[in-house]
Amino acid sequence: MNIPLNKKKVLITGVSGQDGSYMVDYLLEKTDCEIFGMVRRLSNTNYSNLEESFNNSRFQLVTGDLSDSQSINKVVEKIKPDYFINLAAQSFVGSSWDLPEQTMDINAIGVLRCLEAIKRYCPNCRFYNAGSSEEFGDTQYKPQDEKHPLRARSPYGASKIAARQLVKVYRESFGIYAIQGILFNHESERRGEEFVTRKITKGIARIVKAIQNKEAFEPVRLGNMYALRDWSHAKDFVDGIWRMLNQPIMQVTDGVEHPLGTLCGSINHLLGDWEPKEYVLASGETHTVKEFAEIVAKEAGFEFTWVGAGSEEKMVLANYLNDISEVKSQVLIEVDPKYYRPAEVSLLLGDSTAARNELGWKPQISFDNLAKGMIKWDLYESGVTPQPTESACCHSSCECSK
Ligand code: F7E
C-alpha cells in the first residue's frame, strides 16, 4: 500500500497524549504532511511527549476544544485539513462511571461537532475517530472481529458506540470518508498512569528505587487481576490508523470493486456504492493483568510467589537480585477492591485478519517486549538505571526509548 507523500494537511486532536504524539512522530517520519495538533487552552500544560516534534517546522499547535463547536469550526474552517484524526477523548473507562455526562459529551457529541465542521468546511476531508474494543463489552465469542455485536459495559463503551453510529450516519448521508477503527488495548511508556499497565510499571519502578535507598515501600494496589486484555504497542496502532485512512478507493460497477487509487480529497463523487471500511487492530493474543505484572516484576529483578486468593491475593517478594537482607517490605502487589469496576469486560481478544490481509498491517512489538520496554523505561525515569540505549519493547530499528 502506498502512503501518500504529497503535502497534505493533517489535523490531530489529543495530540499531547500517547496516541496523538505517536501519530505526530509517525507522520513526520513517513510523510511530508503539515501537521496541526489541536490542544485545549489550559493554564497547566504538559507537552513532554511532543518535545522532539516542536523542532520540526511541519508541526504546530492550534487551540481548540471538542466541547465547543465554535472553536472546532474555527480551526477546521481555517486549516481545511485533508485528514482529521480525532484521538481526543475521556479515555479512562474507570472514570466513565463517575463522569458519564462528560464522557458522552467529549466522546460522542464531540465527534458530532467534528463531523459537522467537516460537512460545512471541508467535506472531502478524511476523518478518523478512535473506536475501542470496549464497544464489544460483554463479548459473545473470541476472537472478536469487525462483525462482533456492540454490547457496552461502561458509559465509556456506550459513548464510543454512539460515536460509531454518528460516523456511520455522516458517511452514508453525506459521502464523507469517515471511519472509526476498533482498537484493542495499546500501551507504551507514554501511557497515562491511571491505566493498569503503566500503573504497574511505575509502581514496580518506585519499589525498586525504595529498595535501593534501603527504604520501606507500599505495594502496588490493583483491582481485577484476572481481566484478559489484548495488548499491543501504541506505535504499531498509529501505522494501522494511517493505513485505514488511506484505503484504496474502489469504484463499484455491477457489484464488482475496481481500484481507483489512494486519492486524497475530492472523493465524494467517487464513492458511489463504495465505502471505506472500519478495521479491528489487535495483537491476537490475550493475557491477564497478572501475567503483565509477572513479566514486569521479573524484568525488574524480583523473584516472587503469589499467596492468598480473591481480594486477599498478594505478590510477595522471595528474592531481589540474590539479596533481600536489606529489603524492608515484602508485598509487591496486592488487591484493593476499590479498583474493581461496577461492570467488567472480562475477555478481549481481537481478530485483525482483515487489517492484516487488506491493509498489509501487522504489529511489530510483542506483548513480552512491550511489558519489558515499559518497565525498563520507568526504571530509567525513576533514576535507578541509566537510559536504555535501545528499548527492549521493539524490533531492532526501534527508537521508542528516545
Ligand atoms: O484496564 C483491570 C481493569 O484501565 C485494563 C483504554 O485505552 O483500552 C483501555 O481501557 C484492565 C481492566 O484499560 C486495575 O479492570 C485491574 O479490566 O488499563 P485499563 P481498559 O479499561 O481496558 C480500551 C481499548 C480503551 O478504549 C480505553 O480507552 O485492568 N485493572 N486493576 C485495573 N485497571 C486500572 N486502570 N487500574 C487498576 O488498578
Side-chain angles (χ1 to χ4, degrees), residues 14 17-20 22 86-99 103 106-108 111 129-139 144 148 150 152-161 163-164 180-188 190-204 218-234 236-238 240-241 280-283 286-294 296 310-311 313-315 332-350 352 367 370-371 374:
Q18 169 187 264
D19 295 3
Y22 278 126
N86 181 33
L87 302 174
Q90 192 304 89
S91 62
F92 184 37
V93 176
S95 291
S96 72
W97 281 276
D98 301 324
L99 301 165
T103 302
I106 301 300
N107 297 4
V111 172
N129 191 50
S132 166
S133 49
E134 284 293 305
E135 295 171 59
F136 296 156
D138 186 10
T139 52
Q144 296 97 32
H148 191 282
L150 305 177
R153 293 276 282 166
S154 62
Y156 172 85
S159 71
K160 290 288 177 181
I161 293 174
R164 178 170 303 287
Q180 178 162 315
I182 306 153
L183 273 53
F184 282 63
N185 293 57
H186 46 288
E187 318 292 313
S188 72
R190 295 185 188 175
R191 189 57 145 152
E193 291 172 36
E194 65 274 39
F195 297 95
V196 76
T197 53
R198 193 77 196 282
K199 182 173 172 181
I200 292 169
T201 58
K202 278 274 197 187
I204 293 291
E218 290 292 307
V220 182
R221 298 195 171 88
L222 298 177
N224 175 11
M225 288 194 289
Y226 291 90
L228 285 152
R229 288 291 182 275
D230 180 328
W231 276 293
S232 300
H233 197 292
D236 281 333
F237 277 23
V238 296
I241 291 171
V280 160
L281 299 183
S283 75
T286 191
H287 299 275
T288 58
V289 171
K290 189 172 170 178
E291 281 175 77
F292 184 90
E294 286 173 349
V296 168
S311 59
E313 190 166 9
K314 291 178 175 51
M315 180 193 268
L332 298 173
I333 293 179
E334 69 180 22
V335 173
D336 184 338
K338 95 171 172 205
Y339 296 108
Y340 288 155
R341 293 178 177 176
E344 180 66 273
V345 170
S346 308
L347 165 63
L348 288 172
L349 172 61
S352 56
F367 171 72
L370 168 68
M374 286 177 70

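Counting begins at 1 with the first residue of the sequence. Counting convention: from 1, in listed order, for ligands and their atoms alike. These numbers come from the heavy atoms of this one structure, side chains and all, not from hydrogens, waters or symmetry mates.
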Relative to [atom], which among [options] owns the nearest non-hydrogen atom?
atom	options	result
atom 1 (O) of ligand 1	Arg341, Glu134, Arg229	Arg341
atom 7 (O) of ligand 1	Arg191, Glu194, Arg153	Arg191
atom 25 (C) of ligand 1	Ser132, Ser133, Ser154, Gly131	Ser132
atom 9 (C) of ligand 1	Ile333, Asn107, Asn185, Ile182	Asn185
atom 14 (C) of ligand 1	Asp19, Asp336, Val93, Val196	Val196
atom 15 (O) of ligand 1	Glu193, Gln90, Glu344	Glu344

Against heavy atoms of [X], which atoms of ligand 1 measure under 4.0 Å?
X	result
Gly223	14 (C), 16 (C), 31 (N), 38 (O)
Leu222	31 (N), 38 (O)
Asn224	2 (C), 16 (C), 30 (N), 31 (N)
Ala227	17 (O)
Ser91	6 (C), 27 (C), 28 (O)

Do [X] and ligand 1 have an N or O pair less than 3.5 Å apart?
X	result
Lys199	yes
Tyr156	yes
Tyr339	no

Proximity of [X] to ligand 1 by residue part, where a heavy atom lies under 4.0 Å:
X	answer
Val289	side chain
Tyr340	neither
Leu183	backbone
Phe195	both

Which distance, rounded to the nearest 0.5 Å, do you find between the [atom1] of [X] and the [atom2] of [Y]?
X	Y	atom1	atom2	value
Tyr156	Phe92	OH	CZ	11.5 Å
Tyr339	Arg221	OH	CZ	8.0 Å
Leu183	Glu134	CG	CD	12.5 Å

side-chain contact (heavy atoms from CB on, under 4.5 Å) involving Thr139 - partner list, sequence neighbours excluded: Phe136, Gln144, His148, Leu347, Leu348
Close side-chain approach of Arg341 to Arg153, heavy-atom, < 4.5 Å: no
When every non-hydrogen atom of Glu187 is compared with those of Gln18, the smallest separation belongs to C-OE1, 3.2 Å
Do we see a donor-acceptor contact under 3.5 Å between the side chains of His186 and Asp236?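 Short answer, no.
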